Amino acid sequence: MTAVETPGLELRTDLLTRVAQAHDASHYLLRPEVVVRAHDRDGVVAAMREATRRGLPVTFRSGGTSLSGQASGAGVLVDTRTRFTRVEVLDGGERVRCEPGATLRLVNAHLLRHGRRLGPDPASEIACTIGGVVANNSSGMSSGTARTAYRTVEAMTVVLASGTVVDTGAPDADARLRDAEPAIHRGLAELRDRVRGSAAARAEIERQFSMKNTMGYSVNAFLDHDEPVKILEHLLVGSEGTLGWVADVTFRTVPLLAHAATTLLVLDSLEHATDALVPLVASGAEAIELLDAASLRVAAADPAADPSMRSLASGAGIHRQTALLVEYRAATSDALAPFQEAARDVVGSLAGSLAVPATVTTDAATRERLWRVRKGLYTAVAGARPAGSTALLEDVAVPVADLTATVRDLGALFERRGYGDAVTFGHAKDGNLHFMITPRLGDRAELDRYAAFSDDLVDLVLGHGGTLKAEHGTGRIMAPFVRRQYGDELYAVMREVKRLLDPHGLLNPGVVLSNDDHEHLRNLKVESSAGGDDAALVDRCVECGYCEPGCPSRTVTTTPRQRIALLKEMAAAPPAERRELERQYAYQGVATCAADSLCVEACPVGIDTGVVMKGHRARSQPRLVQRGGAAAAEHWGTVVTGLRAALGVVQALPTPLVRVASDVARGVVGTDVVPRVDADLPGPGPRRGTTAVVPDGGATPARAVLFASCMGELFAPAGAGLPAGACGGDGASRPVGAEAAFRALCERAGVGLVVPDGIGGLCCGTPWSSKGLPDGAAAMARKVVDALWVATREGELPVVCDASSCTHGLAETARHLTGTDPRDERARDRFARLRVVDAVTFVRTDVLPGLAARGVDVARAGDVVVHPTCATVHLGAVDDLRAVAEAVAERATVPAAWGCCGFAGDRGMLHPELTAGATRAEADEVAHRAGRLPEGRFDAYVSSNRTCEMGMSRATGEDYVHVLELLEAATRPGAAV
């Protein structure tokens, strides 16, 4: 790997990094010559100055969710996501200062406790970054034209092409700009006067920006602001990295309206739908989403949609219908009530035009099903697109008065150009339409057809007085048409802006403005297949990047999006390039994947990259290793005994000696086989209990089967993780481990437990599936099912596990029963009748009520920080974890930046760099929050999985314990804080 570390940045020129970073959510593909990972603002400045010296183009990349080709480029690609994630809440949430790599979801998570949020609300909020929000002037479903990035920006720190840093929020910012960059200051003032002096230019700007509009530069800044520095600030919004780089930005926030009422109006014609916009807007609707007839046909086929939607599939008139998904929001339920009444009045007035009855609902489950109709369109169409085709999502805006005609004309255009399966939807309140087509851009005839379609689209939209880009940014796809939309006078202003701020033309060339009439047809990304066993699993990927923010390896090696893109690139690469990519992929793709499958939770088309990487591990394992895995499963009790003995030896030896020995072995045998031994490696834990919990002398029947995790045997509980005052007696901290804590809590609550026979030889199967040992996973699965079938009385009792990752592993047992053994079918049938529950969930639902009923006091800790795990996400148990923590703490805090720790069983010992990268942001936030507490630290640090606790302990320097250990300590007789 070619990587060079210099102060403030890291330069990478290796093939895999350049290929991986070339990919984003758009249908363009430019491979950079060098990738720069900047560590700080000075690193970005140094990279820009060096690129200027060498005459290399520069493109800035944060989230890579942009759809129009603005986030990829040849030359130098600067990663401004990884190290730029700081969020600072100001003035009690009224304002917030963010760095460009922070996602919108992260910023809103910080603002949540203040009852505020950002104004822009794009659908990609899970992955889009502040850098992209500013660069594209993002808006969204309810932001309209008043709460866009442009309208809510208050200040920013800008790095100009020259390397000059401008803080637009400084009291003397304008004077500083004049002194540092006199030509820019003078030029912006002259352009301001020139625009204001032209009645035609003023009128055209006012017309263009009365709509959602992200075409070209934000020349409305020349009318909206007087000082050149403020004009500069707002020209940067929507400039897509072509005028400078935004190092941080301060936004004014908007109130979080937490109470909502929703209705879906399915009208019998497009005209009736658009006619309804006037009364709906007047009634105070926050969002009005339009779905055309093609959208309704797609949505009606979704089995998870609301019943009123599914009934449309058999309706004779569905080909004529248009729906409006309408939502009202308010800060309180009382404030929402008048909106609900107004909505009912509008619904009543539309009764004669409704294809199905409509109601206004506040029920969360119903509202979620209704919104699934709108949010699932991209998934449904993109996931079902023909092999080799591109999911191309476009957006335009027209005056609302022209909406009906525009939708009709678009439909006719789709039919004329062979895109009859296109779907159209969008933000009707703003006249903003999205549509998706699926062209094959690698086919010459189809490319010509797409080119003709693009020309027709430009004529259509501009003919209706609209804008060719409403919220997705100009990018490359509409750069050739900026002059046509604005006319020569304003286009000349934009050209002068570009010349002033980027005199060498090196910042993202070809984006926003282009002299090439065919810019939108060049450097296209042709969809290919990953081939082999991977094709069916990953070929549906649309490279949206939603998977990236939650990926533990995102700051270390590659992300799920990049892993998939690389699989496709390798399948199509020339032999020599393929060999080099495969060599690097073994570590950067396969070995450093935590395989936690959080990616599938975010993926709009349901791709589980963790499963794909497990498949690669399985195929790379020799047959002898597979046999060894199966043997280990059959004799797991003996294996655990051996591992415990080894951990005991490690604990007895001096740490430096063991560390050197492990490093030597890793160098000889391999870093993916031999773990690295550090001082924080705990010794062996207590053996799993084999006796039942029998409260009240056996008078209480058993309520569950306890399947204790073998991790508790392998790793001792943290030595000082509990607040001393909560432990009673002598006040000493006495950690007991998750299993013992759960047993004690059940005993105190009067909840009986039974234990499967042979528990010492049983495991959830995760170690085998994670390492790519399917034979061993299947062998263990059969053993576990047989034991649990008896222990649960053939499914009568639930199975409770004391480690969330093992609970998830048990819940996935059926995946390991592949049918290669005759016993698998019986095991699958039996497992289908078993119910697996995490201990945290069981404590919330069964144990806490039992403790309360028996009058057991809980000695509350003060401030507790909670680390959810990837398994609690998969199990839907994050709220349960929080609730149990709140039962024992005055204040339980889940960090906004929490994520998978990347420890992944033993992966944190094999590749400690993975855990270090995965936990950095959360650890920094925990330290920051702890520093504001009276004692400078939290009273306790809790999670729900032993190895995750080890990972977070390593990251923070604080002992994390299972939340049940904290609860058990707090319910001991005499416990007090």
Side-chain angles (χ1 to χ4, degrees), residues 7-9 38-49 52 58 60 62 78 80-81 83-91 93-102 107 110 118-120 129-138 148-189 191-192 217-218 221-222 224-253 497 500-503 507:
L9 54 86
H39 298 170
D40 51 31
R41 187 180 71 193
D42 290 342
V44 176
V45 172
M48 292 172 70
R49 285 177 171 163
T52 299
V58 177
F60 305 106
S62 289
V78 184
T80 58
R81 177 193 66 171
R83 298 295 184 93
F84 297 90
T85 59
R86 181 175 60 91
V87 178
E88 183 182 2
V89 177
L90 307 170
D91 303 331
E94 295 288 326
R95 298 183 302 138
V96 62
R97 182 182 296 123
C98 328
E99 289 185 328
V107 177
H110 279 280
L118 290 175
T129 60
I130 292 300
V133 165
V134 173
N136 294 334
N137 187 21
S138 293
T148 62
Y150 179 94
R151 295 297 178 190
T152 56
V153 161
E154 183 174 272
M156 61 176 66
T157 302
V158 180
V159 179
L160 300 176
S162 62
T164 298
V165 177
V166 180
D167 177 5
T168 70
D172 57 347
D174 196 64
R176 291 186 184 185
L177 176 64
R178 184 183 60 240
D179 293 343
E181 296 282 355
I184 291 177
H185 188 277
R186 181 174 59 255
L188 291 176
L191 285 173
R192 174 199 62 201
Y217 291 128
S218 301
F222 291 114
D224 295 338
H225 300 279
D226 297 324
E227 289 185 328
V229 74
K230 283 297 177 182
I231 294 172
L232 170 66
E233 173 186 278
H234 285 78
L235 282 170
L236 263 291
V237 180
S239 66
E240 302 174 22
T242 63
L243 302 179
W245 177 62
V246 178
D248 64 58
V249 60
T250 301
F251 289 101
R252 295 181 300 278
T253 63
V497 167
L500 273 174
L501 294 171
D502 182 22
L507 297 184

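Quick caveat, the model's predicted, so the values are computed rather than measured. Values reported hereafter were calculated over all heavy atoms of this structure, with side chains retained and with hydrogens, waters and symmetry mates removed.
With rounding to the nearest 0.5 Å, the separation of CG in Asp179 from OG1 in Thr164 is 11.5 Å. With rounding to the nearest 0.5 angstrom, the CD atom of Glu94 is 15.5 Å from the CZ atom of Phe251. The structure places CG of Leu232 at 7.0 Å from CD1 of Ile184, a figure rounded to the nearest 0.5 Å. Here the OG atom belonging to Ser162 is positioned 7.0 Å from the CZ atom belonging to Arg49, to the nearest 0.5 angstrom. Between atom CZ of residue Arg186 and atom CZ of residue Arg178 there is a gap of 12.0 Å, rounded to the nearest 0.5 Å. Distance CZ/Arg97 to CG/Asp91: 9.5 Å, rounded to 0.5 Å.
For the pair Pro228 and His185, the minimum side-chain heavy-atom distance is below 4.5 Å. With contacts defined as side-chain heavy-atom distances shorter than 4.5 Å, the pair Thr242/Tyr217 qualifies. Between Val44 and Met48 the shortest side-chain heavy-atom distance falls below 4.5 Å. Side-chain contact between Thr152 and Leu118: absent, with no pair of heavy atoms (C-beta onward) separated by less than 4.5 Å. Val87 is not listed as a side-chain neighbour of Ile130, based on a closest heavy-atom distance of 4.5 Å or more. Between Phe60 and Val159, the closest side-chain pair of non-hydrogen atoms is not below 4.5 Å. Side-chain contact between Leu188 and Leu235 is present, with heavy atoms from C-beta onward closer than 4.5 Å. The shortest side-chain heavy-atom distance between Val58 and Trp245 does not fall under the 4.5 Å cut-off.
A donor-acceptor pair is defined here as one N or O able to donate and one able to accept, closer than 3.5 Å; no such pair exists between the side chain of Thr157 and the backbone of Ala247. With Thr148 contributing its side chain and Asn137 its backbone, the two residues share no donor-acceptor pair below 3.5 Å. Within the 3.5 Å criterion, the main-chain N or O of Arg86 finds a donor-acceptor partner in the side chain of Glu99. A distance-only check finds a donor-acceptor pair linking the side chain of Arg252 to the backbone of Arg151 [under 3.5 Å]. No donor-acceptor pair closer than 3.5 Å links the side chain of Arg176 to the backbone N or O of Val166. At least one donor-acceptor pair closer than 3.5 Å links the side chain of Thr168 to the backbone N or O of Met156. Using a distance-only test at 3.5 Å, with no hydrogens or angles considered, no donor-acceptor pair links the side chain of Asp42 to the main chain of Gly8. A donor-acceptor distance shorter than 3.5 angstrom exists from the side chain of Asp502 to the backbone of Leu507, with no hydrogens or angles considered. Judged purely by atom type and a 3.5 angstrom limit, Thr129 has no side-chain atom pairing as donor or acceptor with the backbone of Ala102.
Nearest heavy atom pair, residue Ser138 against residue Gly132, reads OG-O, 4.0 Å. Closest heavy-atom contact between Ser62 and Gly131: OG-CA, 4.2 Å. Closest heavy-atom contact between His234 and Ala221: CB-CB, 3.8 Å. Listed here is the closest heavy atom pair of Ser218 and Tyr150: CB-CE1, 3.9 Å. Pairing each heavy atom of Ala135 with each of Gly241, the nearest pair is CB-N, 4.5 Å. The nearest pair of heavy atoms linking Gly43 to Ala38 is C-CB, 4.2 Å.
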For this session: Would you sort out whether Ile231 and Arg192 count as a side chain to side chain contact (heavy atoms under 4.5 Å, CB included), showing the intermediate values?
Result: CA-CA 8 Å; Ile231 294 172; Arg192 174 199 62 201; 3.9 Å; yes
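Within a 6.0 Å radius of CZ in Arg41, no more than 12 heavy atoms belonging to other residues, nucleotides or ligands are found.
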